[in-house]
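Worksheet for the structure shown next.
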Amino acid sequence: MMEKMIFGRYLPGDSITYRLDPRSKLIFIFLFIFAVFLANNTVTYAILLTFTVFVILLSKIRIPFLLGGLKPILFLVVFTLLMHLFLTREGDVLFQWKFITIYEEGLRQGIYISLRFLILVLMTTVLTLTTSPISITDGVETLLNPLKRLKLPVHELAMMMSIALRFIPTLMDETDKILKAQLARGSDISSGSIQQRVKAVIPLLVPLFVSAFKRAEDLAVAMEVRGYRGGEGRTRFRKLQWKTSDTMVLVLLGVLSAIMLYFRG
Amino acid sequence: MNFAYAPNTPFEKKALHDINASIKSGSYTAVIGHTGSGKSTLLLHLNGLLKPTEGTVQVGDTLITSETKGKALRNVRRNVGIVFQFPEHQLFEETVEKDIMFGPLNFGIPEEEARARAHELIEMLGLPKEVAKKSPFELSGGQMRRVAIAGVLAFNPSVLILDEPTAGLDPQGRREIMELFERFHKEEGLTTVLVTHSMEDAARYAEHVIVMHEGHAVLDGPPEEVLTDAEQLAMYRLELPRSVRFQRDFERLVHHKLPKPALTEEQLAVMIAELAKEMGEPK
Amino acid sequence: MREVLSLDGVSFAYETEEDVFVQAVQDVSFTVRDGEWVSIVGHNGSGKSTLAKLMIGLLFPATGSVNVFLDPLTEDNLWVVRSQLGVVFQNPDNQFVGATVQDDVAFALENNGVSYEDMQIRVKEALSDVGMSGYHNHEPHHLSGGQKQRVAIAGALAMNPKILILDEATSMLDPQGRSEVIELITTLRSTTGLTVISITHDLEEVLLADRVFVMNQGKLAASGTPTSIFEQGTKLQEHGLDLPFALRLSQLLRHTGMPLVGDHMSEKELVNELWTSHFNK
């Protein structure tokens, strides 16, 4: 299941969405969350949904791939729908069978809230699928730069984030290797009482920590020897470029919000 | 047997194709091939850490298919020990003794027996006695590797799989570890499968060689055949073992054939000396 | 030739527990000249890794001095000196800082405040120097060990240092990766005249060096050309170094009672001698 999960993953490719500046994409997502909350009736939700589909088409990510990869999250969406369906007791009764009663308000709330959730998940997935982790880090660092004046260690945070991202695949491999080695020595993680299972994780965690510390030590030495002394006086290899299309994206979002405000009930 | 990683997903990767091979009980087999040739994936099938997508793997009396689960797999793992590359990375216990006992206790060997075996192995692997109560993380790299190897030998597997067991060691350490495995192979009657890059180690120790290339088992036979076929090996980007290469150059220059392929430099020296004697004697 | 790096009576001891010192390096002196390829060998624990740390200013000697370009290395000139040294370590994964190949190569340039335009050019050049041009956007976990080490070399060379220090840089690689790296070093030296100091136990690397320093128990046990070092034969094996195949074979042949003239480093020499003195009758 996890192998298929695409939430938060990057898929190398090319489309207008890929070429946008990470800053515009980050600002967009941030503001879009507010825009989503503007929707409160059928017309506005329809507009929002159309817009989302439009963005997905623009990104050239195949919709079956997107939905397939988000299956575990789609369960959550359906669950939200059912919760509202059965638990809300307002409005006219639509349907009654034995102890199950469904109210009009429940149906409406359920659809709205799960749709809102779905749209947010789809949009953020489009962002992460089309933006490499390093660009996201760059974008965050540049956007947070003004906060340096407030003594926030922006550069250090970004460096930590990028190193963490860089080492995730390495540590995943390592976990897999250690897991296999302990399984081969008869360790059993998938059965027994909770207590036994917690105990069975120790042979995995100890070597993983030992190796992570060793890696951290090695990396620190390698960084120092290559002249790393913190953000002071450092130049950047990557330069972000704000293009007209980036401004357009934000204008588009403004237009969307204006339309939504107009049709709001 | 076939195997694919993450089948039916956008990330699917075919790793092994139609492997048909058998390894005789009590034999010493070397699996050689380039990085990415599928040899590491193959070895994970030999104790059920991976299950074939299609086809079957038979270990002893147990048949592993894509459906095999739980107890049968445990049974296979009990009989097939794997020494992974850089095995010292799997150490975790507070003391060396406890770490070596981890496998045996998992497989239900009584504690006292496991402890006795641990102490026996510490000695057999040439470690000082007092390391038993030490933390494995206080030891030197070479000692840690020996402890990790002991942790696999501790549950007396009848098949021992070695994945590049000497990687990262200095020449002396390499030789010592390989001699150690050779001794265990003979003394304990193990079936040994060595996965290696070293043509010399394959030539010196193995009785049976399998060459892997792009997920296929391309050559399979005794070392005298497989490791002397320069053209075939070159196709799979492998070289002849040093002694065989020297033998070829030598035979070409003196226009005389040595009686059999020289798999080690010791054999080579003896054969050259004998040939010299023969030719030196008046006819 | 001009001296680029030298050790002058260097000693160093580690403090293991309170007041317990282990002498790791003892009174070591040597000089490395411009354009030389020097190998430092010795078994694990011989002090060769400590020596590497002393040369790149991760440790400072208790007595004696490490001189880079004739100046003693101190805390004050440390950062300047480091920008003129390229270092490649053992584990390919643990020294890969950037998220992609080009980011990693740029890392030292960024740290040293090289301008954006310069950086783009130098990263491209460094990658083409190590034959990794097509890979600039690759992520490290999609590269082989040998490729990662080539990227590490590109990163070390991006600042155009005079000296490249390889600290067991090939010991974790498979044979293909190892020969990739060794081939690359050979090419780089012939095109740029780079000085190479490699700490290693790889025989092939040692044979290519101009001079070999053998470390044993913290002391410099021997130094000289590879041939003169290998002539010491079995004593080398105690120092954790393998003998070349030809030399091993000639020893074995002598054991069987075959007289041989001289020691042979290469297989070709040995085959030829066997031919001329024993079989050409």
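Proteins get letters first, then strands, A, B, ... in listed order; numbering begins at 1 in each.
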Subject >> chain B contact via C/Leu274 - side chain, backbone, both or neither, heavy atoms under 4.5 Å >> reply: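 Side chain of C/Leu274 only, per the 4.5 Å heavy-atom cut-off to chain B.
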Return all side-chain donor-acceptor pairs below 3.5 angstrom for residues 133-146 of chain B, not counting sequence neighbours, or 'none' if the list is empty.
{"from": "B/Lys133", "atom 1": "NZ", "to": "B/Glu97", "atom 2": "OE1", "distance (Å)": "3.0"}
{"from": "B/Ser135", "atom 1": "OG", "to": "B/Phe137", "atom 2": "N", "distance (Å)": "3.1"}
{"from": "B/Ser140", "atom 1": "OG", "to": "B/Gln143", "atom 2": "N", "distance (Å)": "3.4"}
{"from": "B/Gln143", "atom 1": "OE1", "to": "B/Ser140", "atom 2": "N", "distance (Å)": "3.2"}
{"from": "B/Arg145", "atom 1": "NE", "to": "B/Glu88", "atom 2": "OE1", "distance (Å)": "3.0"}
{"from": "B/Arg145", "atom 1": "NH1", "to": "B/Pro165", "atom 2": "O", "distance (Å)": "2.7"}
{"from": "B/Arg145", "atom 1": "NH1", "to": "B/Ala167", "atom 2": "O", "distance (Å)": "2.9"}
{"from": "B/Arg145", "atom 1": "NH2", "to": "B/Glu88", "atom 2": "OE2", "distance (Å)": "3.1"}
{"from": "B/Arg145", "atom 1": "NH2", "to": "B/Ala167", "atom 2": "O", "distance (Å)": "2.8"}
{"from": "B/Arg146", "atom 1": "NH1", "to": "B/Leu125", "atom 2": "O", "distance (Å)": "2.7"}
{"from": "B/Arg146", "atom 1": "NH2", "to": "B/Glu176", "atom 2": "OE1", "distance (Å)": "2.8"}

**OP:** Using a cut-off of under 4.5 Å on heavy-atom pairs, state which of B/Ala273, B/Ser198, B/Gly168 scores highest against chain C.
**Re:**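 The residue among B/Ala273, B/Ser198, B/Gly168 with the greatest pair count is B/Ala273.
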Subject >> Expected output: side-chain C/Gln23 to main-chain C/Val25 donor-acceptor under 3.5 Å >> reply: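 Answer holds: yes.
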Original post:
Side chain of C/Arg248, backbone of C/Leu243: donor and acceptor closer than 3.5 Å?
Top reply: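 Yes, because the side chain of C/Arg248 sits within donor-acceptor range (under 3.5 Å) of the backbone of C/Leu243.
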Original post:
Do C/Glu273 and C/Lys268 sit within salt-bridge range, that is, some charged N less than 4.0 Å from a carboxylate O?
Top reply: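 Salt bridge between C/Glu273 and C/Lys268, a charged N being under 4.0 Å from a carboxylate O: no.
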**OP:** Using a strict 4.0 Å threshold on nitrogen-to-oxygen distance, state whether B/Arg204 and B/Glu182 make a salt bridge.
**Re:**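 Salt bridge flag = no for B/Glu182 with B/Arg204.
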Original post:
Using a heavy-atom distance cut-off of less than 4.5 Å, which residues of residues 251-264 of chain B contact chain C?
Top reply: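 B/Leu253, B/Val254 fall under the 4.5 Å cut-off.
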Original post:
Do you know which of C/Leu249, C/Asn272, C/Leu270 has the most heavy-atom pairs under 4.5 Å to chain B?
Top reply: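 Of C/Leu249, C/Asn272, C/Leu270, C/Leu249 has the most heavy-atom pairs under 4.5 Å with chain B.
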**OP:** Sequence neighbours left out, what pairs pass side-chain hydrogen bond (donor to acceptor under 3.5 Å, both in side chains) with at least one residue falling in residues 169-186 of chain C?
**Re:**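 Those involving residues 169-186 of chain C are B/His34-C/Gln176, B/Thr35-C/Asp174, C/Gln90-C/Ser171, C/Arg150-C/Glu180, C/Thr170-C/Glu205.
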Original post:
Where on B/Leu169 is there a heavy atom nearer than 4.5 Å to chain C: the side chain, the backbone, both, or neither?
Top reply: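 Only the backbone of B/Leu169 comes within 4.5 Å of chain C.
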Which side-chain N or O atoms in residues 218-228 of chain C pair as donor and acceptor under 3.5 Å with protein atoms at least two apart or in another chain?
{"from": "C/Thr225", "atom 1": "OG1", "to": "C/Ser228", "atom 2": "N", "distance (Å)": "3.3"}
{"from": "C/Thr225", "atom 1": "OG1", "to": "C/Ser228", "atom 2": "OG", "distance (Å)": "3.3"}
{"from": "C/Ser228", "atom 1": "OG", "to": "C/Thr225", "atom 2": "N", "distance (Å)": "3.2"}
{"from": "C/Ser228", "atom 1": "OG", "to": "C/Thr225", "atom 2": "O", "distance (Å)": "2.9"}

**OP:** Report the C-alpha separation of B/Tyr205 and B/Glu179 in whole Å, then their side-chain angles, then the decisive distance to 0.1 Å, and conclude whether the side chain to side chain donor-acceptor pair (under 3.5 Å) test is met.
**Re:** CA-CA 9 Å; B/Tyr205 299 106; B/Glu179 292 299 329; 3.1 Å; yes
